[in-house]
Amino acid sequence: MASKIQSVKGTREFYPEQMFLRNFIYEKVRAASQAFGYQEWDAPFIETIDLYAAKSGEELVKKQSFTFQDRGGDFVTLRPELTPSLARMIAAKQGELNFPVRWWSFGPFWRYEQPQKGRSREFFQWNIDMLGVNSPEADAELIAVAATFLRSVGLNPERAAIYVNNRRLMDSEFDALGIVPEKRLDVSNLVDRRSKMEPSKWESYALELGLTQVQVDGLKEVLGNFNLWKKSDELTRLFAALEALGVKDYVKFDPNIMRGLLYYTGTVFEAFETSGSLKRAILGGGRYDNLLSDVGGQPLSGVGFAMGDVVAGIILQENGLVPEFVPTSASVLVTVFDESMWLKSFEMAAQLRREGLDAMVFPEPAKLQKQFKFADKMKLKIVLTIGPDEVANDQVAIKNLVSGQQVVVERGAVVNTIKEMLNA
RNA sequence: GUGCCUGUAGCUCAACGGCAGAGCGCUACACUGUGGCUGUAGAUGUUGAGGGUUCGAAACCCUUCAGGCACCCCA
């Protein structure tokens, strides 16, 4: 129902079940990052708008950022991306960092966009970068990190693929077609749109942009040539490294992968789910040069990628790859028989916790039926009952909700009995 | 920022301009010391919000909010 005060459009509310999914993604992200030795880091969530004005696209800064004046009159921006902050932080300690720097981060970002499937105004993003090495082998490592993540969540190569291209290769192909550098942005845009448009419409659009028919035909030939990578030394080395890293089954060359022109200068890549119910990339990245030129650092090359939690989460759910939701860490519920037994139950629960068992006590002496029902819905495995009969004999009734069996044991044997049931 | 579609019970959805309903879930009881399964009974509600047309609006019109699809963009 509509509440009086709604959440801000495009923001996310994480009920425990959604939080479980977010944490699942976070854990897999961390595992993949750490498997390659990357260090976790983070940057401020709010930055001055100037940080983005320098390097980010105009669209991003002017139209799609959450920017407002703080109480002192300065313009601040909720971070729409992490790379500018990375550049500043690297530049600030460029002389003392131990290169190559391998850093990863997972945190919130905001972009003022039209919310729709796979896209919200508030999202979490995994960023991972290697800085200070410029080689196809370093590019291969980042692609291997991405592949490791995909594999770890169960998206095997039949379900997901990483498509790779190279900016320098495409530039030389564009040169060969006589496409002048000033037209590159348009042509890059054109390539991005090809999969979304009817072939005939795409072609007339290309002609509208000022390409000649010969150039359009040449472009189509380039974009249809999946052996083009053999002309690129960088890609040849990249694929050799990917094979050695054991992830080549995930990777395909695709000359249609361009990505926005903002940072990328060499290898670029994007991962998609192959069934394609969502046409959005799961993750994307590539090699960039001159990362630090606008924040006062020495030239530095890097490679990295980013993955949003929204698309990744949808794809995991649609593929049935999210583990069953576990509502609580507790495996034991201690019921409260009646008011006179209340503190006995508290003492029992405290003892369980001292012995390393997560335990809940029902917060009031309700009917046992209600307490058991609560335990069942919360997927608790064990329910303890301490009633007058048990107290009289210094015993505790232990019911295993999975098997339905109940046993009554001496108080001193409770912890071991529970542990046996949980390990069975 | 643009275009199209949608909004009804907690959830999924019905209802020709004429009494707002079903399934699931929920509550109670069968079962006053025990969940699931079953049976019986019961309660669902500002039809997203605001205004208009009409004897009469969930339905038609306008505004607005939210969601979806596409454009734009994807840093």
Side-chain angles (χ1 to χ4, degrees), chain A residues 1-11 13 15 51-65 77 79-87 109-121 123 125 127 185 188-189 192-193 196-197 257-264 268 270 272 277-286 288 291 304-308 310-311 314 333-338 341 362 365-391 396-408:
Chain A
M1 275 296 80
S3 51
K4 288 216 168 117
I5 297 177
Q6 290 177 319
S7 59
V8 174
K9 179 172 180 167
T11 56
E13 297 187 310
Y15 288 86
L51 180 70
Y52 303 104
K55 190 76 179 173
S56 301
E58 202 170 301
E59 175 87 11
L60 179 61
V61 177
K62 290 194 174 159
K63 289 187 170 175
Q64 300 196 331
S65 67
T77 299
R79 63 181 190 183
E81 58 165 336
L82 192 60
T83 306
S85 304
L86 172 66
F109 294 86
W110 295 265
R111 289 178 196 163
Y112 197 84
E113 307 199 70
Q114 285 310 317
Q116 52 185 275
K117 190 175 189 183
R119 196 163 71 180
S120 57
R121 289 185 174 179
F123 55 96
Q125 190 166 275
N127 286 268
L185 189 77
S188 166
N189 217 312
D192 270 340
R193 288 194 187 192
K196 291 183 181 177
M197 293 175 82
I257 298 294
M258 290 301 290
R259 302 192 60 73
L261 264 193
L262 292 164
Y263 305 132
Y264 300 113
V268 289
E270 287 181 337
F272 286 89
S277 83
L278 252 189
K279 296 235 184 302
R280 300 182 187 285
I282 301 170
L283 57 88
Y288 44 81
L291 174 72
F305 68 84
M307 179 188 83
V310 181
V311 171
I314 290 170
L333 175 76
V334 184
T335 59
V336 175
F337 190 87
D338 60 25
M341 303 283 141
F362 203 84
K367 291 172 68 171
L368 283 184
Q369 188 183 30
K370 187 174 178 183
Q371 301 190 42
F372 271 78
K373 205 163 193 170
F374 173 83
D376 187 55
K377 287 190 178 172
M378 201 59 96
K379 292 182 182 161
L380 291 151
K381 295 189 173 69
I382 308 277
V383 177
L384 303 191
T385 306
I386 306 169
D389 297 347
E390 285 78 15
V391 170
V396 176
I398 304 175
K399 182 156 186 179
N400 183 336
L401 290 193
V402 180
S403 68
Q405 301 294 311
Q406 178 163 298
V407 294
V408 179

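Here C74(B) presents its C1' atom at 13 Å from CG of Leu283(A), a figure rounded to the nearest Å. The CG-P distance, from Leu401(A) to G36(B), rounds to 11 Å in whole Å. Look at CG on Leu333(A): it is 14 Å from P on G35(B), rounded to the nearest Å. Separating the CZ atom of Phe362(A) from the P atom of G35(B) is a distance of 14 Å, rounded to the nearest angstrom. Atom-to-atom, CG of Leu86(A) to P of A75(B) comes out at 16 Å; the value is rounded to the nearest Å. Atom CD of Glu113(A) is separated from atom P of A66(B) by 16 Å (rounded to the nearest Å). One atom, CG of Asp192(A), and another, C1' of C74(B), lie 9 Å apart when rounded to the nearest Å. One interatomic measurement links the two molecules: CD of Glu390(A) to C1' of U34(B), which rounds to 11 Å at whole-angstrom precision.
Side-chain atoms of Gln371(A) come within 3.5 Å of backbone atoms of Val336(A) as a donor-acceptor pair (strictly under, hydrogens ignored). Side-chain atoms of Arg259(A) never come within 3.5 Å of backbone atoms of Glu270(A) as a donor-acceptor pair (strictly under, hydrogens ignored). In terms of modelled atom types and a separation under 3.5 Å, the side chain of Arg111(A) and the main chain of Gln64(A) share no donor-acceptor contact. Distance alone, capped at 3.5 Å, is enough to place a donor-acceptor pair between the Asp338(A) side chain and the Met341(A) backbone.
Among the atoms of the strands shown, none is found under 4.0 Å from any heavy atom of Arg79(A). Across all strands, Gln125(A) comes closer than 4.0 Å to no nucleic acid atom at all (heavy-atom distances). Contacts of Phe337(A) with the nucleic acid, taken as non-hydrogen atoms under 4.0 Å apart, include base atoms. When heavy atoms are screened at a 4.0 angstrom cut-off, Asn189(A) is found touching the sugar-phosphate backbone but no base atom. Base contact: Gly404(A) has a heavy atom under 4.0 Å from a base atom. Across all strands, Lys399(A) comes closer than 4.0 Å to base atoms (heavy-atom distances). No engagement by Gln371(A) is indicated, since no non-hydrogen atom pair under 4.0 Å with the nucleic acid exists. The residue Lys367(A) sits close only to the backbone: its heavy atoms come under 4.0 Å of sugar-phosphate atoms, none of a base. Within the 4.0 angstrom heavy-atom criterion, only backbone atoms of the sugar-phosphate kind lie near Gly10(A); the bases stay farther away.
Counting atom types as modelled, Arg259(A) pairs no side-chain N or O with a base atom of A75(B) as donor and acceptor under 3.5 Å. The base of G35(B) has none of its N or O atoms less than 3.5 Å from a complementary donor or acceptor on the side chain of Gln406(A).
Counting only heavy atoms from C-beta on, Gln369(A) has its side chain closest to G35(B) among G35(B), C73(B), G67(B). Of all nucleotides listed (G1(B), G33(B), A70(B)), G33(B) comes nearest to the side chain of Pro388(A). Checked against A75(B), G33(B), U34(B), the side chain of Gln64(A) finds its nearest nucleotide in A75(B). For Lys377(A), taking side-chain heavy atoms from C-beta onward, the closest of the listed nucleotides A75(B), U34(B), C26(B) is C26(B). Taking every side-chain heavy atom of Lys373(A) into account, U27(B) is the closest of A75(B), U27(B), C69(B). Between A75(B), C26(B), C71(B), one nucleotide has an atom nearer to the side chain of Glu81(A) than all others, and that is A75(B). The nucleotide whose nearest atom lies closest to any side-chain atom of Arg111(A) is, among A75(B), G68(B), G36(B), A75(B). The side chain of Arg280(A) lies closest to C74(B) when the candidates are C74(B), G33(B), G68(B). Checking A66(B), G33(B), G36(B) against the side-chain heavy atoms of Lys9(A) singles out A66(B) as nearest. Picking from G68(B), U34(B), U2(B) the nucleotide with the shortest atom distance to the side chain of Phe372(A) gives U34(B).
Comparing G50(B) with A57(B), their P atoms are spaced 15 Å from each other, to the whole Å. A75(B) and G52(B): their P atoms are spaced 49 Å apart (whole Å). Distance noted for atom C1' between U8(B) and A58(B): 6 Å (whole Å). Atom name P, nucleotides G25(B) and C37(B): the rounded distance is 8 Å, in whole Å. Here the separation of G3(B) from C62(B), taken at their P atoms, is 14 Å to the nearest Å. Rounded to whole Å, the separation between the C1' atoms of C4(B) and C74(B) comes to 23 Å. C16(B) sits 24 Å from U12(B) when the C1' atoms are compared, rounded to a whole Å. For the C1' atoms, the distance linking A22(B) with G17(B) amounts to 23 Å, nearest Å.
Gln125(A) and Arg79(A) share no donor-acceptor pair across their side chains, judged by distance under 3.5 Å alone.
Under the 4.5 Å side-chain criterion, counting only non-hydrogen atoms from C-beta, Trp110(A) is not in contact with Thr77(A). Put simply, the side chain of Glu13(A) does not reach to within 4.5 Å of the side chain of Thr11(A), judged on heavy atoms. Side-chain contact between Phe337(A) and Ile386(A): absent, with no pair of heavy atoms (C-beta onward) separated by less than 4.5 Å. The side-chain heavy atoms of Tyr52(A) and Pro80(A), taken from C-beta on, include a pair separated by under 4.5 Å.
In this structure, Asp376(A) and Gln116(A) both approach RNA chain B, and ranking their closest nucleotides by distance from the 5' end singles out Asp376(A).
Around NZ of Lys381(A), the count of heavy atoms belonging to other residues, nucleotides or ligands within 6.0 Å does not exceed 12.
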Go ahead and write out RNA chain B as dot-bracket, 5' to 3': ( ) for pairs within the strand, [ ] for ones crossing earlier pairs, | when the partner sits on another strand, dots for unpaired; Watson-Crick or G-U wobble, both distances under 3.5 Å.
(((((((..((((....[..)))).(((((.......))))).....(((((..]....))))))))))))....
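Residue Arg193(A) places at least one side-chain N or O under 4.0 Å from the OP1 or OP2 atom of C73(B).
In this structure, Phe109(A) has no ring pair (Phe, Tyr, Trp, His ring centres under 6.0 Å) partners at least two apart in sequence or on a different chain.
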